[in-house]
Undergrad: 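Sharing a structure, written as structure tokens. Questions coming.
All chains are named by letter (A, B, ...) in the order of the sequence lines, taking the proteins before the strands, and each is independently numbered beginning at 1. What's counted below: heavy atoms across the whole structure, side chains too, no hydrogens, waters or symmetry copies.
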Number of protein chains: 2
Amino acid sequence: MLRAAAELFVAHGYSATTLRQIAESAGIKAGSIYHHFDSKELLFSVVLDEGIDVMVQAFHTAADVTSDAPAPSRLLAHVRAHLGALFENGPFTTAHVTSFFSAPHTVRAQAVTRRDGYENLWSALLNDLFPQINRKDLALHRLILFGALNSTIEWFDPAGNLTLDQLAAVVTNQFLNGVQP
Amino acid sequence: MLRAAAELFVAHGYSATTLRQIAESAGIKAGSIYHHFDSKELLFSVVLDEGIDVMVQAFHTAADVTSDAPAPSRLLAHVRAHLGALFENGPFTTAHVTSFFSAPHTVRAQAVTRRDGYENLWSALLNDLFPQINRKDLALHRLILFGALNSTIEWFDPAGNLTLDQLAAVVTNQFLNGVQP
DNA sequence: GTCTATAACATGATAGAC
DNA sequence: GTCTATCATGTTATAGAC
């Protein structure tokens, strides 16, 4: 049922998604939702939290596998992990990208706070990979990278010609070397 | 009043914004809106169209000014123009980024169609600037760049230490050369 | 061109039976 | 844990006076 809710939130945004739709998609009636969640806002909060968990877990898996690899390989693994969290691990992570602006302010504020942990993981990683670049610049580069990664859900089609591995390679290479061939 | 509507759509998303809010913010009553627009969807459509106009106009201005400059300067001018459309020219362009996913499918489909024109301008520009790179790769690089540019509205503060000119320079340099210092 | 009033309906949430 | 009501309210949209 959390999954059903997340899918609808992703598809229509927070306020356009009704509890009746969620209930129907989960095979129950609307009133029954309140036995599990005290409010619609709280339900959405749980969906977002789940999304963060998926991303954090993907990050740590990538970190374990590539801890002693060269910098470009490590970066590629983490880019691939983030994209995997978006495209392969359900609608929870995607909700952060599509439904964030349609959520009430209180929910947004909570989500931002919880996302900090994940973003700090990335900051530490980049500082570790590129010790010669100062941290302020690196923080900007991270935001640019995040923007590029998250916006892929607006145009990337996992069933298309380009695979996720290839997409990760393109984004990583663009991040490291720019467009110059 | 279009401006008031756009600001509210940006702040709360499509469906969380009510006609009463828009009317109040415009200094009239809700019923009066229907003398100007036939429906809420149509009102939002007009807001989005206005946003595209702003972006296209910014593009052409940048093109006129830098038509015979070297490639990096031309790219920088266009990046700056796009960011200017987002941060300096009102809430119409921003609506495309923040309120897109909370809008009804019909409105989304229209917006996508209308945005094609603007995206084609960019495709032509990049093909012109980087003739040595094949067009398929360049199309991917454009999508990555767009993602980075549009997502700046989630974190960039025009009143902060970093200026728009500096932001444009950082993004352009990252796009051309990557993070390596 | 704006107002008031209202129709017609959808929404989040609650109460109590089973 | 799910159901069937139902409440109270808010929503888009319309009709007609001014």
Undergrad: So, under a plain 3.5 Å distance rule, would you say the side chain of A:R20 forms a donor-acceptor pair with the base of C:dG12?
TA: yes
Undergrad: Using modelled atom types only, decide if a donor and an acceptor are shared between the side chain of A:R108 and the backbone of A:F101 within a distance under 3.5 Å.
TA: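 It does hold such a pair.
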Undergrad: Figure out the CD/P separation between B:Q21 and D:dT12, and round it to whole Å.
TA: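 In whole Å, D:dT12 P lies 9 Å from B:Q21 CD.
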Undergrad: Applying a 4.0 Å non-hydrogen cut-off, can you work out what B:S15 is touching in the nucleic acid: base, sugar-phosphate, or nothing?
TA: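 Contact class for B:S15: none.
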Undergrad: Of all the nucleotides listed (D:dG1, D:dC3, C:dA13), which has the minimum atom distance to the side chain of A:Y34?
TA: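 Output: C:dA13.
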Undergrad: Return the value, rounded to whole Å, for the distance between atom CD of B:E41 and atom C1' of D:dT11.
TA: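 So the CD-C1' distance, B:E41 to D:dT11, works out to 14 Å.
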Undergrad: Would you say a side-chain N or O of A:K40 is under 4.0 Å from OP1 or OP2 of C:dG12?
TA: yes
Undergrad: Using modelled atom types and a 3.5 Å cut-off, is there a donor and acceptor pairing between side-chain atoms of A:T17 and backbone atoms of A:L8?
TA: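 Yes, the answer is positive, given that a donor and an acceptor are paired below the 3.5 Å cut-off.
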Undergrad: OP1 or OP2 of D:dT2 less than 4.0 angstrom from a side-chain nitrogen or oxygen of A:H36, does that happen here?
TA: yes
Undergrad: Keeping the roles fixed (side chain from B:T152, backbone from B:A148), state whether a donor-acceptor pair exists under 3.5 Å.
TA: no
Undergrad: Are the ring centres of A:F146 and B:W155 closer than 6.0 Å?
TA: no
Undergrad: Once you round it to whole Å, what is the distance between C1' of C:dT2 and CZ of B:F37?
TA: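 One finds 15 Å between C1' of C:dT2 and CZ of B:F37, rounded.
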Undergrad: Provide, to the nearest angstrom, the distance between the NZ atom belonging to A:K29 and the P atom belonging to C:dC18.
TA: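 It is 19 Å, rounded to the nearest whole Å.
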Undergrad: From the options D:dT2, C:dT11, D:dC3, select the nucleotide whose nearest atom is closest to the side chain of A:T18.
TA: C:dT11
Undergrad: Rounded to whole Å, how long is the line connecting atom NE2 of B:H12 with atom P of D:dG10?
TA: 16 Å
Undergrad: Once you round it to whole Å, what is the distance between C1' of C:dT11 and CG of A:L8?
TA: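 After rounding, the reported distance stands at 15 Å.
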Undergrad: Looking only at side-chain N and O atoms, does A:S32 come under 4.0 Å of OP1 or OP2 in D:dC3?
TA: yes
Undergrad: Using 30° and 60° as the class boundaries, would you call the ring planes of B:Y14 and B:F9 parallel, tilted or perpendicular?
TA: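 B:Y14 vs B:F9 ring planes: parallel.
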Undergrad: Starting from P on C:dT11, measure out to OH on A:Y14 and report it in whole angstrom.
TA: 13 Å
Undergrad: What integer distance in Å separates A:I28:CD1 from D:dT2:C1'?
TA: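 Interatomic distance, CD1 of A:I28 to C1' of D:dT2: 8 Å.
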Undergrad: Nearest-nucleotide wise, let me know which of A:G27 and B:S39 is further upstream toward the 5' end of DNA chain D.
TA: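 In this pair, the answer is A:G27.
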